There are 2 protein chains.
Amino acid sequence: MVRRTKADALTTRTELLDAAERVFSSNGVANTSMMQVAEAAGVTRGAIYHHFQNKLDLINALMDRVKLPVDEMLEEIVQAHQDNPLAILKARCLHIIHQVEHDPHMQALINILLHKCEYVDDALPIHLRHLGGRNACIEESCILLDEAKKKGLIGADLNSQAIVLGLFSLVDGLMYNWLLDKSLFDLNSTAKQAIECYFKGLQA
Amino acid sequence: MVRRTKADALTTRTELLDAAERVFSSNGVANTSMMQVAEAAGVTRGAIYHHFQNKLDLINALMDRVKLPVDEMLEEIVQAHQDNPLAILKARCLHIIHQVEHDPHMQALINILLHKCEYVDDALPIHLRHLGGRNACIEESCILLDEAKKKGLIGADLNSQAIVLGLFSLVDGLMYNWLLDKSLFDLNSTAKQAIECYFKGLQA
DNA sequence: TTTTATACAAACATGCATGTATGTATGTAT
DNA sequence: ATACATACATACATGCATGTTTGTATAAAA
């Protein structure tokens, strides 16, 4: 019913993203129509198609909003524990957990990726981004573990890649299960204990 | 084009389930139409709607085929390691991993549940079954851990529930990531190392 | 052998989702 | 002040998926 200035348009865009986040989170991506997103944002489909090409483009925009802060934070961690590769690795895992627990946008997005979105060809760009970032993270972590091995912090017989994959799988699994039913357990304390346990098992 | 005897009908039904397993696995549940399932099975939609009420009913039937063997096997494990709760728990985890790696039906189903199916209200019955079985398993495992604690096998300060949740999250995460890209790592050896590591971290 | 039930195929009716095209009021630049 | 672009709403056209109904050849039952 109304037309807007440039700034107002950006507001509309943001509201659309917020709405998409909510509706996708509760209905699932495939199960949500553009109409539903529009309604949740209080506009018509016209607004969506003006700002985004289609549902995929919308999801991509959702990811753009969230992904950046992650990498920045990681820098800090590295510097904080300069010479202790294991501490860096552990802090990273706990940081991810913390992000998912406390940043609502991150939580919604991860929830969508893990539970509300089928890993299927035409959704590929999204998942490729997710996996791309994560694979880089794994490689980097392998290096950290190798350093730890050199310093004698962990058993020399351990396979770095397997250990890293296990670690990230543990983190993934914790988020996966917690997002499935947040009332089932406390994410922070559970993650802390489980990750602690895993690291303890690494010692030589 | 053809009509069949009772036995042939069962064959058709099985072929439909097999087809659904394949098509869902590659296209995703929401993204697959009954038409595609029918085509993959070499029949028409009529055949599907004769054997199943709708897509949900079809998926339920898929789960019925697989779920039973799991519980049976678990009995054996318990008896094999009669008095060592930790060994039982570890064997269970490795058994699940083994199942997913080697039983194609199980693998397809877990893949569908983890990656090809949105956790959304109308799919609820499916996920409830999945979660139900798993929650029972968690409770049971907590008991095992408590026993282990009494026997002094693990640290007395550990929270059983957190540890169990971590363990199952680890297993879930490993399956999750492996099914995402089976070429990325060897499931069996990676799981063995990671789980081993986790259990090692439990010791007092 | 006649009757009935089974196992599907084929056709029908409906609805919803998508993408696009068009209209229009308002902001913006000249 | 005029011309153009922006930011949407509205309307339209199309297609596909679903569920149902009907038709039919064969098997099973009586």
Side-chain angles (χ1 to χ4, degrees), chain A residues 1-20 22-24 26-62 116-118 120-126, chain B residues 1-20 22-24 26-62 116-118 120-126:
Chain A
M1 201 72 80
V2 268
R3 288 85 200 180
R4 306 274 175 72
T5 167
K6 234 173 228 176
D8 286 343
L10 198 139
T11 301
T12 301
R13 196 188 123 99
T14 302
E15 284 173 356
L16 278 171
L17 289 175
D18 289 342
R22 276 177 286 145
V23 184
F24 286 161
S26 68
N27 295 346
V29 172
N31 206 29
T32 299
S33 69
M34 295 301 238
M35 177 73 169
Q36 290 173 282
V37 175
E39 276 178 0
V43 294
T44 66
R45 276 171 54 244
I48 298 188
Y49 281 101
H50 174 73
H51 286 283
F52 311 98
Q53 294 189 6
N54 49 39
K55 204 191 271 186
L56 249 101
D57 191 35
L58 179 53
I59 298 182
N60 268 316
L62 268 188
K116 310 295 183 179
C117 181
E118 298 178 353
V120 70
D121 50 310
D122 73 332
L124 216 79
I126 306 151
Chain B
M1 202 75 81
V2 267
R3 288 87 201 177
R4 305 271 174 71
T5 167
K6 233 173 230 174
D8 287 342
L10 198 141
T11 301
T12 301
R13 197 189 122 99
T14 303
E15 284 173 356
L16 277 171
L17 289 174
D18 289 342
R22 275 176 287 147
V23 184
F24 286 161
S26 68
N27 295 346
V29 172
N31 205 30
T32 299
S33 69
M34 295 301 238
M35 178 73 169
Q36 290 172 282
V37 175
E39 275 178 1
V43 295
T44 67
R45 274 170 53 244
I48 299 188
Y49 282 100
H50 173 73
H51 285 283
F52 310 98
Q53 295 189 6
N54 49 38
K55 204 193 268 188
L56 249 101
D57 191 34
L58 179 55
I59 298 181
N60 268 315
L62 270 187
K116 310 294 182 178
C117 182
E118 298 177 354
V120 70
D121 51 310
D122 71 334
L124 216 79
I126 305 151

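Here is how names work: the chains are called A, B, and so on, in the same order as the sequence lines, proteins then strands, and each is numbered from 1. On a predicted model such as this, the values are computed, not experimentally measured, just so you know.
The side chain of B/His51 lies closest to C/dC8, out of D/dA9, D/dT18, C/dC8. Residue A/Tyr49 places its side chain closer to C/dT18 than to any other of C/dT18, D/dG19, D/dC8. Residue B/Thr44 places its side chain closer to C/dA10 than to any other of D/dA11, D/dC8, C/dA10.
Atom CZ in A/Phe52 sits about 17 Å away from atom P in C/dT20, given to the nearest Å. With rounding to whole Å, B/Ile48 atom CD1 is found 15 Å from D/dT20 atom C1'. Whole-Å rounding puts the B/Leu56 CG to D/dT18 P distance at 12 Å. Here C/dA13 presents its P atom at 15 Å from CZ of B/Arg45, a figure rounded to the nearest Å. Protein atom CG of A/Leu10 is 10 Å distant from nucleotide atom P of D/dA7, rounded to whole Å. Following rounding to the nearest Å, B/Met34 (CE) and C/dA10 (C1') show an atom-to-atom distance of 17 Å. Distance, B/Asp8 CG to C/dA9 C1': 16 Å, rounded to whole Å. Residue B/Asn31 contributes atom CG, which lies 15 Å from atom P of C/dA17 at whole-angstrom precision.
Base pairing of C/dT6 is made with D/dA25, judged by Watson-Crick or G-U wobble geometry with both donor-acceptor distances under 3.5 Å. Nucleotide C/dT28 forms a Watson-Crick or G-U wobble pair with D/dA3, both donor-acceptor distances falling under 3.5 Å.
Note that CZ of B/Arg22 and OG1 of B/Thr32 are 12.0 Å apart. Values are rounded to the nearest 0.5 Å. Rounding to the nearest 0.5 angstrom, the gap separating the CG atom in A/Asn31 from the CZ atom in A/Phe24 is 11.0 Å. Taking NZ from A/Lys116 and CD from B/Glu118, the interatomic distance works out to 8.0 Å, rounded to the nearest 0.5 Å. How far CG of B/Leu58 is from CD of B/Gln53: 11.5 Å, rounded to the nearest 0.5 Å. Taking CG from A/Leu10 and CD from A/Glu15, the interatomic distance works out to 10.5 Å, rounded to the nearest 0.5 Å.
By the 4.5 Å heavy-atom criterion applied to side chains, A/Leu62 and A/Phe52 are not counted as neighbours.
Under the 3.5 Å distance criterion, the side-chain polar atoms of A/Ser33 are matched with a main-chain donor or acceptor of A/Gln36.
Phosphate proximity of C/dA7 to B/Thr5: absent, as no side-chain N or O sits under 4.0 Å from OP1 or OP2. Considering only side-chain N and O atoms, A/His50 lies nowhere under 4.0 angstrom from the phosphate OP1 or OP2 of D/dT6.
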Are any protein N/O atoms closer than 3.5 Å to N/O atoms in nucleotides 1-4 of chain C? If there are, list each pair with its distance.
none

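Within 4.0 Å (heavy atoms only), A/Ser33 reaches sugar-phosphate atoms of the nucleic acid but no base atom.
In this structure, A/Ala7 and B/Lys55 both approach DNA chain D, and ranking their closest nucleotides by distance from the 5' end singles out A/Ala7.
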